[in-house]
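Basis for what follows: all heavy atoms, side chains included, without hydrogens, waters or symmetry-related copies. Letters A, B, ... mirror the listed sequences (proteins, then strands); counts begin at 1.
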Amino acid sequence: MENLITLWQSSGVAQMASGQFIMLLVGLGLLFLAIRKNFEPLLLVPIGFGGILANIPGADLALSAAETALAQGNTAVLAQMAQLLGLDSGAGLDALKKALGSAPVAVQVQAAEFARDAGFNNGMLYNFYSVAIASGVAPLVIFMGVGAMTDFGPLLANPRTLFLGAAAQFGIFATVLGAVGLSVAGVMDFSIADAAAIGIIGGADGPTAIYVSSLLAPDLLGAIAVAAYSYMALVPMIQPPIMRALTTEQERKIEMVQLRHVSKREKITFPLLLLILVALFLPAAAPLLGMFCFGNLMRECGVVSRLSDTAQNALINITTIFLGLSVGSKLAADKFLDPKTLGILALGIVAFAIGTATGVLMAKLINVFSKHKINPLIGSAGVSAVPMAARVSNKVGLESNPHNFLLMHAMGPNVAGVIGSAVAAGVMISMVRSLTGA
Amino acid sequence: MENLITLWQSSGVAQMASGQFIMLLVGLGLLFLAIRKNFEPLLLVPIGFGGILANIPGADLALSAAETALAQGNTAVLAQMAQLLGLDSGAGLDALKKALGSAPVAVQVQAAEFARDAGFNNGMLYNFYSVAIASGVAPLVIFMGVGAMTDFGPLLANPRTLFLGAAAQFGIFATVLGAVGLSVAGVMDFSIADAAAIGIIGGADGPTAIYVSSLLAPDLLGAIAVAAYSYMALVPMIQPPIMRALTTEQERKIEMVQLRHVSKREKITFPLLLLILVALFLPAAAPLLGMFCFGNLMRECGVVSRLSDTAQNALINITTIFLGLSVGSKLAADKFLDPKTLGILALGIVAFAIGTATGVLMAKLINVFSKHKINPLIGSAGVSAVPMAARVSNKVGLESNPHNFLLMHAMGPNVAGVIGSAVAAGVMISMVRSLTGA
Amino acid sequence: MENLITLWQSSGVAQMASGQFIMLLVGLGLLFLAIRKNFEPLLLVPIGFGGILANIPGADLALSAAETALAQGNTAVLAQMAQLLGLDSGAGLDALKKALGSAPVAVQVQAAEFARDAGFNNGMLYNFYSVAIASGVAPLVIFMGVGAMTDFGPLLANPRTLFLGAAAQFGIFATVLGAVGLSVAGVMDFSIADAAAIGIIGGADGPTAIYVSSLLAPDLLGAIAVAAYSYMALVPMIQPPIMRALTTEQERKIEMVQLRHVSKREKITFPLLLLILVALFLPAAAPLLGMFCFGNLMRECGVVSRLSDTAQNALINITTIFLGLSVGSKLAADKFLDPKTLGILALGIVAFAIGTATGVLMAKLINVFSKHKINPLIGSAGVSAVPMAARVSNKVGLESNPHNFLLMHAMGPNVAGVIGSAVAAGVMISMVRSLTGA
Amino acid sequence: MQETLLQQGLDITLFGMGIVFTFLLLLVIGTSIMSRIITRHFPEVEPASHSPSHKVGNDSARLHAVIKAAIEQHRQRR
Amino acid sequence: MQETLLQQGLDITLFGMGIVFTFLLLLVIGTSIMSRIITRHFPEVEPASHSPSHKVGNDSARLHAVIKAAIEQHRQRR
Amino acid sequence: MQETLLQQGLDITLFGMGIVFTFLLLLVIGTSIMSRIITRHFPEVEPASHSPSHKVGNDSARLHAVIKAAIEQHRQRR
Ligand code: NA
Ligand code: NA
Ligand code: NA
């Protein structure tokens, strides 16, 4: 009988907090968006599923061994944990969790050893997160794969479009200011690191957003990743009104000069040129842009096609599965159901909107100074969100001029946006570290 | 000259204990069964080969750095190890090994650091085992791949067959009782955790067996995995006599109603339904069934076919290679050549037989209450052993009625058996932990 | 303004030491050789690229967290590090680095924990190196893949060619003597472990060279790997003059007996026979030859073609990417720009030349004793460098006799050379360890 | 007091089988309800799902048919 | 004294946008120079690069054409 | 006393080459015996092994032949 009671108490229904129930619904909602509405399914299916797994009460899949010991341990275990963490034995659970999170690494190692001796293990998703994201490897490997899938031809044929990719990153920094403003106004409580991580949503680039937030604000990673991928899927809805509002019918009809042929040698040299510029001027962006250039060089050099194929297929797919589940581990109720998440979702869409606007405006500015006019509709593609944003440019362009195919022209700013947000990521990581004295 | 003597002493022939020689033959025997007799070759080829590697004398491929230091260290190393482990410096090798195995994690870490300073490294197979099995990841990834390969259509068309998958799990629990009985009778010395791990052989599901025994009885993992895969390969020999003995010719001739068409939406919803039930009622089964449902959702949702393909191919193949070699590391002579192994092999076949019988009997019981009769031959498929057991049902059915194709009907209980044994695994892990006070 | 100065100081240009600039050019040079000259591109593209990444000033991608703390830390951090390492707080940077490198593992762990508390992380390439090479796994997995790609048919049809593969390994040992000689003469400063690692270049087998040097001389790994792969690419230039000098026109015209058909069963048995001989007589070679035989058994046994395919494709490609980048991490200027590198490059080409010569001479020696004459040109293929060396034998043979196709005959010694150098690797690892008292 | 080993084994067996059956019973009920709801309220619009693999199968089948026809033509010609 | 949060945000924005633009400006310049050098001094010998994927595409296209032809023949025959 | 570096190098060379030769000699002997036993006592039943890859090769070859034939027909028709 006692056994039955224990079992019932260990069952999910009895333990489920309302937060976990809400997150279960959120996870199902993400799966619905991914499967029915085709919202970036490659990421949102694993993220949504991981989010559900992370919120199974009593399974503790997203907790480390030490956190599990706090969640499930008896009085003796808690007392010993308190002693390890330098608290008195009557300390509450929340105090213990907080102390564990902010303890020096050596103490965390001791706590983990103690928890393992007491029979607790790391949760499955916690292990995935440690290996895939905390180490930084998964976003970097995905970036390598993206590099191996990227054709810089349209960019090389028209290098001016790099400026569009630069301008659209203003969405990032405006959002940083917005987040800081909310904090100063007392509405939210974002640190400067939080603000920088939130801003990167405006980069419209999933792996970059995950990489930056894993370094600067791991607790916000779940909300940031969900916002980034959701808004990327919403690009066809977010961008067109802004694009139409900022351009005249005449501008939208501009036909652009046919792109010149770009030689194989230019395509091989470009990633090396980019790498060297990064090496000389922006070492903080070296991991992201280094792996990106490596992937692209493997693609273009033509002598390692086996490696390039693997980077574009088996390797990126395997990494995506574990990256998604790992992001899902950050959808645990106690981290995700926080007023900050609402702030992140609100700021994220602002970031997309501003990036779209500044991209379009920059195209109009360039037109003031140059002979070969740019159709400002391709400016919005500078936010990246490859290749969705470029398709949106094409579609809106066709509405005004059914014979005006902007797709290839928009691919230039589109991939420029990837570079731009990686550069912005490097700058922000480097500046936040020097500001916070790390 | 001295060098030559040292070299000869380091050679295998001089060091080989009789146990290692026997295990070498066991490894070759497993390879023979796998290659010539087609006994689950995908697993038994790596397991058999890993078993041979683990028993190469002097190579110590299956030992940790600290264990290697004990095996190869000079007097000074052993004395320091003894001091670390709190024994006096004259302690024998066996006492040192035992103390190392049962030392607190912190002491084990210190021993490993000391061994590395003394120039010893972890063996190759030890590293594989740590990463693939001790972390739990390999069986879970294989389970995800199995989920991505599973079609729940036949089960959804006839959900009653889930009861067959439930009944066949009685083989698991009967074996637990059997193992406990052998201990109580003084024939063997199994703890309750050992008994639970042995019972899971009756689940006829390789990754589940490996997952459970890695948690509850790592020392028995080699024997349990070998038993599980060998008996799965022997299903065509073990099951038919039992099936014939428990059914009448009339029953074996029963033709079943054509399965209805199952819609895509049902197939997408099923893994989510299963996941939610697990979340609500059986958190202990969340890792196994969660990954299984995730694999199946990727398969059915239709929007992440790249991920589903990778989960079914590159990822599961890579994982299988390392899982197999890692299991092989547990075929080291000192662990495998133990009376317990004989007990495990004997209990394992009993488990299969009982599971087969209870599956068939449950089908007959269902027929008492229902209009649409079930051919009891499909009950034996409830042990899982996908798809072998379903094929056996089909084959035995054809003997009695050459026009009666039971294969698709048997796939229902077959995949139900996978769910059933994962549920049983969750229950046992959770109960053993609460019983042993972990 | 202060910010701008900080940023400029953190930029690469301001920090770049001349060594790093030179290594940037070396990296670009390797990429040029790989892409334009087709020098083993599968390895040299990742190695060259990794070499560039490792030398980006300020990015510290090849440093551990503790090393990064030394490189970037302020006075307080350095003082604490000095205390941890048992130096006085005024110790110079070089003294700190050296103390960290030679500290006991426990102290290194403490230093890493302190560095992480101070906000420093392991560099990306450092992580890759730890997981892929320091653990030994990447070279072993590649060796498994090579095994799965190797057809032992020509060797089994003519087992005498194993002697050619043995003789060509004299290049390895002659180079060991050469390195020792340079040290004794005071030209270089190689330890016996260094000499052994350099010698293995003569094995003309990339993964073996990387595996051995990761164990015996990690600091020289970059130079050794670059030398090994570069000279393998140069085999068509290095070998022919030596082959012509040591053979008469008459000998080069020898036509060899048609190879007999080798049965499937022989091919399945061979890797097992090799494994058993390794187990009995050469446990030190067990990791390398064990994985090689495992790959070959998967290939030949015919029942695990999914695993064999994966070992030959996705798995070996993924491993190659990370192996290459990890090797690149050892091209950091402070390690690579050392007089030792010049010594290694000089000794490496000598190793190839001597191995070629002894292979050819052994073929001539065998001809003295046997009826079926061997064309001595296939002796040079004994250095391995599969399949380049065999093609060279064929090409030089065609010059003397346009109807004499030696390719298949040369494949025998070619794969024998792989076995031979793995055996030599095992012997050297084992002997160096016993000589240096580890 | 610690239960005896036998008692523990019986406990695991009883509760284990009980939970396996209960859980799968819930799953049968859930599945039946789910199937009924989907079949009634969310029927598929398309008559049959043309999954990509099916399509490949069809293409491949068509290809085979075409090639077979080509072979036959070729033979008749001779 | 620690800067205020607002000041820090402004710093990041100003320097961030500045560096993004400066870096991409350098990249535009570098790319233009690179393209000019390659186009003038290292032009490609082959008129158009036949990448493997192109080749596959062509093969496949040819195969389709052939099969289409075969189908037409087959139909006309009946 | 520690051997000199030169002595160590000579040791490695002598014993190393010795063991490489001895081991490969054993392998030659083992391989020869193994081949003889298999050839005499366990000959293959099938005349030649039809590995899957071979089969694919044949299929593909046949496909090419068929298509070639189809192309020729097509050309002759015009
Ligand atoms: Na962007
Ligand atoms: Na089962
Ligand atoms: Na070699």
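For the set C:A285, C:A196, C:S263, C:S421, the entry with the most heavy-atom pairs within less than 4.5 Å of chain F is C:S263. Contact tally against chain F (heavy-atom pairs below 4.5 Å) for C:I419, C:V184, C:L277: the top residue is C:L277.
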Verdict with reasoning, C:V427 to F:F15, per side chain to side chain contact (heavy atoms under 4.5 Å, CB included): CA-CA 8 Å; C:V427 175; F:F15 292 111; 5.5 Å; no
Verdict with reasoning, F:I12 to C:M428, per side chain to side chain contact (heavy atoms under 4.5 Å, CB included): CA-CA 7 Å; F:I12 286 189; C:M428 291 208 299; 4.1 Å; yes
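Between the C:R265 side chain and the F:I38 main chain, no donor and acceptor come within less than 3.5 Å of each other.
Looking at C:A167, both its backbone and its side chain come within 4.5 Å of chain F, counting heavy atoms on both sides. Heavy-atom distances place the side chain of F:M34, and not its backbone, under 4.5 Å from chain C. Both the backbone and the side chain of F:L10 come within contact range of chain C, with heavy atoms under 4.5 Å apart. F:L25 touches chain C through backbone and side chain together, each having a heavy atom under 4.5 Å away. There is no contact between C:A195 and chain F, counting heavy-atom distances below 4.5 Å.
For the pair F:L5 and C:S183, the tightest heavy-atom approach, listed with the atom from each and the gap, is CD2-CB, 3.5 Å.
A distance of 11.0 Å separates CG in C:L162 from CD1 in F:I29, rounded to the nearest 0.5 Å. Taking CG from F:L24 and OG1 from C:T161, the interatomic distance works out to 10.0 Å, rounded to the nearest 0.5 Å. One finds the CD atom of C:E266 at 4.5 Å from the OG1 atom of F:T39 (value rounded to the nearest 0.5 Å). In this structure, CG on C:L289 lies 6.5 Å from CZ on F:F23, to the nearest 0.5 angstrom. Distance check: F:Q7 CD to C:L435 CG gives 10.0 Å after rounding to the nearest 0.5 Å. The CG atom of F:L27 sits 6.0 Å away from the CG atom of C:L273 when rounded to the nearest 0.5 Å.
Contact of the F:V20 side chain with the C:F173 side chain is registered, since non-hydrogen atoms from C-beta on lie closer than 4.5 Å.
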